[in-house]
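Labels below follow one simple rule: chain letters A, B, ... track the order of the sequence lines, proteins then strands, and each chain is numbered from 1.
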2 protein chains.
Amino acid sequence: MARQPTSGERPTVKDVAASSGVSATTVSRVLAGNYPVSTATRARVMKAVRELDYVINAQARALGGGGTKTVAFIVHDLVGPAFAYVGQGVEQEATAEGRLCLVCTTHGDPERELELIELMREQQAEAVVLVGGGSNSSSYIERMTQAARGLDKSGSRLVLCGRPPLGPDVPATVVEYDNEGGAYAITSYLISLGHRDIVFLGAGRPGHSTVDGRLRGFERAHKAHHLPVPQQQTRAITFDRESGYQATHDLLAHGHKFTAIFAATDVVASGVLVALREAGLRVPEDVSVVGYDDIPLARDLTPQLTTVHVDHEDLGRTAVRYALNRDRHAMNQHTVIGTHVVIRDSAGPPPKPRRGGR
Amino acid sequence: MARQPTSGERPTVKDVAASSGVSATTVSRVLAGNYPVSTATRARVMKAVRELDYVINAQARALGGGGTKTVAFIVHDLVGPAFAYVGQGVEQEATAEGRLCLVCTTHGDPERELELIELMREQQAEAVVLVGGGSNSSSYIERMTQAARGLDKSGSRLVLCGRPPLGPDVPATVVEYDNEGGAYAITSYLISLGHRDIVFLGAGRPGHSTVDGRLRGFERAHKAHHLPVPQQQTRAITFDRESGYQATHDLLAHGHKFTAIFAATDVVASGVLVALREAGLRVPEDVSVVGYDDIPLARDLTPQLTTVHVDHEDLGRTAVRYALNRDRHAMNQHTVIGTHVVIRDSAGPPPKPRRGGR
DNA sequence: CCAAAGATAGTTAGCGGTTTCTATCCCCTG
DNA sequence: CAGGGGATAGAAACCGCTAACTATCTTTGG
């Protein structure tokens with residue numbers, strides 16, 4: 001009898017072939033189902049497959065036949081709620097398209113990001129989805145452009161998810177959401193409620209594309225309503241609860257005058273709420289607070305947070321869909337996903353002025 | 001001149017070899033750095049690598065040389081905060097050990113789970129980390145045992161993360177945290193505060209290993225204090241905010257008598273708090289509430305939640321570490337990670353009885 | 001001064017599949 | 001009844017890289 005697979009070792013097509021008395025080719029065809037094979041033969045092969053507990057070797061298949069069915073997902077970290085949802089979307093769509101999903105985290109390190117892209121090129125990932133705002137510096141953009149070209153040459157596709165395009169000649173797919181629009185809308189909402197002294201909490205990290213967009217929307221809303229753009233908080237904010245807390249605390253301590261706070265993210269807003277509460281200020285009676293992202297947390301806060309809804313999961317799904325089904329010659333694609341205000345309980349009219357004046 | 005790589009195609013070792021006038025073997029050795037190569041040769045090869053923008057083909061390497069450096073991570077979904085942290089830990093440790101991380105979600109479908117394990121066997125993942133409580137049914141355990149054996153035969157390792165062992169002869173690594181101990185501790189804490197009527201919210205899904213453990217701890221604490229085990233809520237709970245809300249609502253509507261609620265997870269607790277607040281009950285003055293998991297949300301709730309801390313990230317890290325560095329002949333390993341109560345503001349002494357009685 | 005040991009580089013044979021390209025066998029048609 | 005064509009199956013080449021042997025050319029030691 002031909003090649004009895006050593007027990008404890010992984011059987012190969014050859015083992016299956018030998019065990020069912022056909023050639024390796026035939027086994028391959030039965031498994032792929034892309035070539036006529038007689039019913040009897042197919043049955044014999046399948047029987048052997050079952051008996052030997054054979055499973056194909058994905059690496060070998062990738063080498064020989066089509067490529068690897070893999071999508072890579074590169075992100076700051078997995079635990080940020082917004083990122084997690086994007087990840088969910090990416091995984092979802094990748095699975096729906098029959099792809100596997102590789103995930104890596106950068107912890108905000110641009111070097112690491114580029115390293116990972118290189119790694120994904122080795123892995124022959126079909127698409128590399130980069131999530132989260134990146135730097136706006138020109139050297140960074142230059143390097144990223146190189147990376148995009150490299151991936152393109154390897155038959156892969158770079159997808160920028162939630163950050164602006166690199167340039168017209170760069171082979172990359174861009175899917176971002178309307179940061180500016182959402183910020184414009186929610187700022188307008190605050191203005192329409194009567195607020196005139198709104199603090200934008202989150203500036204101070206210029207060059208960060210996501211916040212830049214939100215800030216632009218904030219400013220544009222003021223201009224549209226013919227209001228002076230409030231002097232922003234330029235404190236460096238790290239976009240976590242603590243920095244929101246700290247910034248609010250400082251604001252209060254310095255006797256700043258304001259009736260509303262626009263936190264750059266919901267997480268920051270959560271810190272803001274705590275600081276306000278500690279200071280004995282009621283929300284929204286004394287101060288209105290709004291956030292951005294509409295992560296689940298927004299509904300768990302007290303009061304529930306009025307914020308800008310972003311469908312992060314859709315963002316991830318769209319990114320993968322576009323990357324995989326793109327028109328072969330589309331150099332760059334660009335899609336913007338809408339955002340909208342969701343009104344809850346944390347924003348209301350400003351308090352009646354104590355001593356007149358707006 | 002030998003093989004000029006067609007522009008636009010991915011260069012191979014052969015291209016690099018031709019371009020630098022050496023053999024493919026030498027190129028491979030320069031890249032791997034595991035064999036003496038003269039400095040001059042190395043330099044020539046590296047130059048060619050740079051000029052051609054060569055990147056190795058991971059699939060080919062996996063086929064030829066060592067295996068694929070990959071760890072798989074199978075989870076309910078990526079957005080549950082607890083899961084996300086485990087994922088973070090898995091990714092972290094995998095990266096630290098020079099591995100890539102494949103991630104897949106099951107959405108709670110056991111069939112899908114088994115399918116994915118099979119898929120990972122094809123992928124030759126070095127370890128397959130299964131996260132989250134699974135079913136306790138014997139048929140499920142039987143199938144999972146098969147899967148573990150299959151993986152073992154393929155040189156891979158099944159890691160059960162946060163669920164109990166399958167059996168003594170099953171080749172699998174188990175890393176779980178002390179569900180029962182934590183539940184015991186926090187229940188004891190409530191009892192020591194004076195509570196005698198504690199509702200455990202989350203029973204009703206027997207066979208779910210995580211909750212089973214927590215419930216056991218709850219019961220054991222009562223027994224240890226010579227108290228009758230309260231009649232549990234057997235309402236089916238889906239472990240989301242809504243079911244916590246709904247269950248509490250019903251509890252109140254039916255005039256149930258209780259002074260504290262032990263929610264099976266923090267997320268459930270968040271729903272509980274909302275229902276209580278709506279009913280005009282203060283926490284912790286009127287009712288005490290505790291949760292389990294200590295996800296970031298716990299600190300964002302009002303009042304901040306007293307809960308059981310679980311280091312989910314460590315769980316993920318440990319899982320990968322053990323799976324990769326296991327003793328080659330260790331059939332099964334089992335590690336339990338400790339949990340501890342973190343006291344915040346949501347639990348206090350029960351209210352003074354209105355009409356006597358305990 | 002010659003043989004044995006080192007240091008380098010090349011040859012060749014896989015790894016485990018897939019995919020041409022052939023080779024049969026069989027049935028149908030003219 | 002010969003020849004054409006469809007249905008099946010196999011042989012061999014190849015995917016890109018690694019690893020076990022060889023083959024040189026230097027050294028070096030007795």
Side-chain angles (χ1 to χ4, degrees), chain A residues 2-3 5-6 9-46 48-49 52-69 121-124 153-156, chain B residues 2-3 5-6 9-46 48-49 52-69 121-124 153-156:
Chain A
R3 185 166 180 182
T6 321
E9 292 224 341
R10 192 175 166 128
T12 72
V13 264
K14 275 184 190 154
D15 298 316
V16 176
S19 163
S20 51
V22 300
S23 73
T25 307
T26 302
V27 174
S28 171
R29 299 210 261 241
V30 168
L31 262 25
N34 55 3
Y35 195 86
V37 173
S38 79
T39 323
T41 308
R42 180 192 313 285
R44 288 221 314 288
V45 170
M46 289 313 288
V49 165
L52 297 179
D53 190 23
Y54 169 80
V55 284
I56 206 170
N57 180 324
Q59 264 68 43
R61 172 167 48 194
L63 229 205
T68 97
K69 260 67 181 74
R121 190 136 80 102
E122 296 183 359
Q123 294 293 325
Q124 319 252 85
K153 217 167 59 181
S154 299
S156 180
Chain B
R3 186 168 180 180
T6 321
E9 292 224 341
R10 195 177 163 123
T12 72
V13 265
K14 275 186 190 152
D15 298 316
V16 176
S19 163
S20 52
V22 299
S23 73
T25 305
T26 302
V27 174
S28 171
R29 299 209 261 242
V30 168
L31 262 24
N34 55 3
Y35 196 88
V37 172
S38 78
T39 322
T41 308
R42 179 191 316 284
R44 288 221 314 288
V45 170
M46 290 313 288
V49 164
L52 297 179
D53 189 22
Y54 168 80
V55 283
I56 205 170
N57 180 323
Q59 265 68 43
R61 173 170 44 196
L63 231 204
T68 97
K69 260 69 179 74
R121 190 135 80 104
E122 296 183 0
Q123 295 292 328
Q124 318 253 86
K153 217 167 60 182
S154 299
S156 179

S.K.: In the structure I gave you, are the side-chain heavy atoms of A:Arg10 and A:Val55 within less than 4.5 Å of one another anywhere?
M.R.: yes
S.K.: Of the nucleotides D:dG16, C:dG17, D:dT18, which one has an atom closest to the side chain of B:Ile56?
M.R.: D:dT18
S.K.: If only side-chain N and O atoms of A:Asn34 are considered, is one of them under 4.0 Å from the OP1 or OP2 phosphate oxygen of C:dT19?
M.R.: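 Looking at the OP1 and OP2 atoms of C:dT19, one of them is under 4.0 Å from a side-chain N or O of A:Asn34.
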S.K.: Between B:Ser28 and D:dC17, is there a side-chain N or O to OP1/OP2 distance below 4.0 Å?
M.R.: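 No, B:Ser28 has no side-chain N/O under 4.0 Å of OP1/OP2 on D:dC17.
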S.K.: Hey, does B:Gly64 reach any base, or is it just sugar-phosphate, or nothing, if we go heavy atoms under 4.0 Å?
M.R.: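 Contact class for B:Gly64: base.
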S.K.: Compute whether any side-chain donor of one residue and acceptor of the other, for A:Ser28 and A:Thr25, lie under 3.5 angstrom apart.
M.R.: no
S.K.: Answer whether the closest heavy-atom distance between the side chains of B:Asp53 and A:Arg121 falls below 4.5 Å.
M.R.: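 Touching, per the 4.5 Å side-chain cut-off.
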S.K.: Once you round it to whole Å, what is the distance between C1' of D:dC17 and CD of A:Gln123?
M.R.: 14 Å
S.K.: How about A:Glu9 and B:Lys153: do any of their side-chain heavy atoms sit closer than 4.5 Å?
M.R.: no
S.K.: To the nearest Å, give me how far apart NZ (B:Lys14) and C1' (C:dT12) are.
M.R.: 12 Å
S.K.: Which nucleotide wins on minimum distance to the side chain of B:Thr12, given the candidates C:dC15, C:dG17, D:dG16?
M.R.: D:dG16
S.K.: In whole Å, I'd like the distance from the CD atom of B:Gln124 to the P atom of C:dC15.
M.R.: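 Spelled out: CD on B:Gln124 to P on C:dC15 is 14 Å.
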S.K.: Sort out for me which residue in A:Val30, A:Val27, A:Val16 forms a side-chain contact (heavy atoms from CB on, under 4.5 Å) with A:Val22.
M.R.: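 Of all the options given, the one that passes is A:Val27.
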S.K.: I'd like to compare against my own output: the B/S/- annotation of nucleotides 7-13 of chain D with a strict under-4.0 Å heavy-atom distance to protein.
M.R.: -BBBBB-
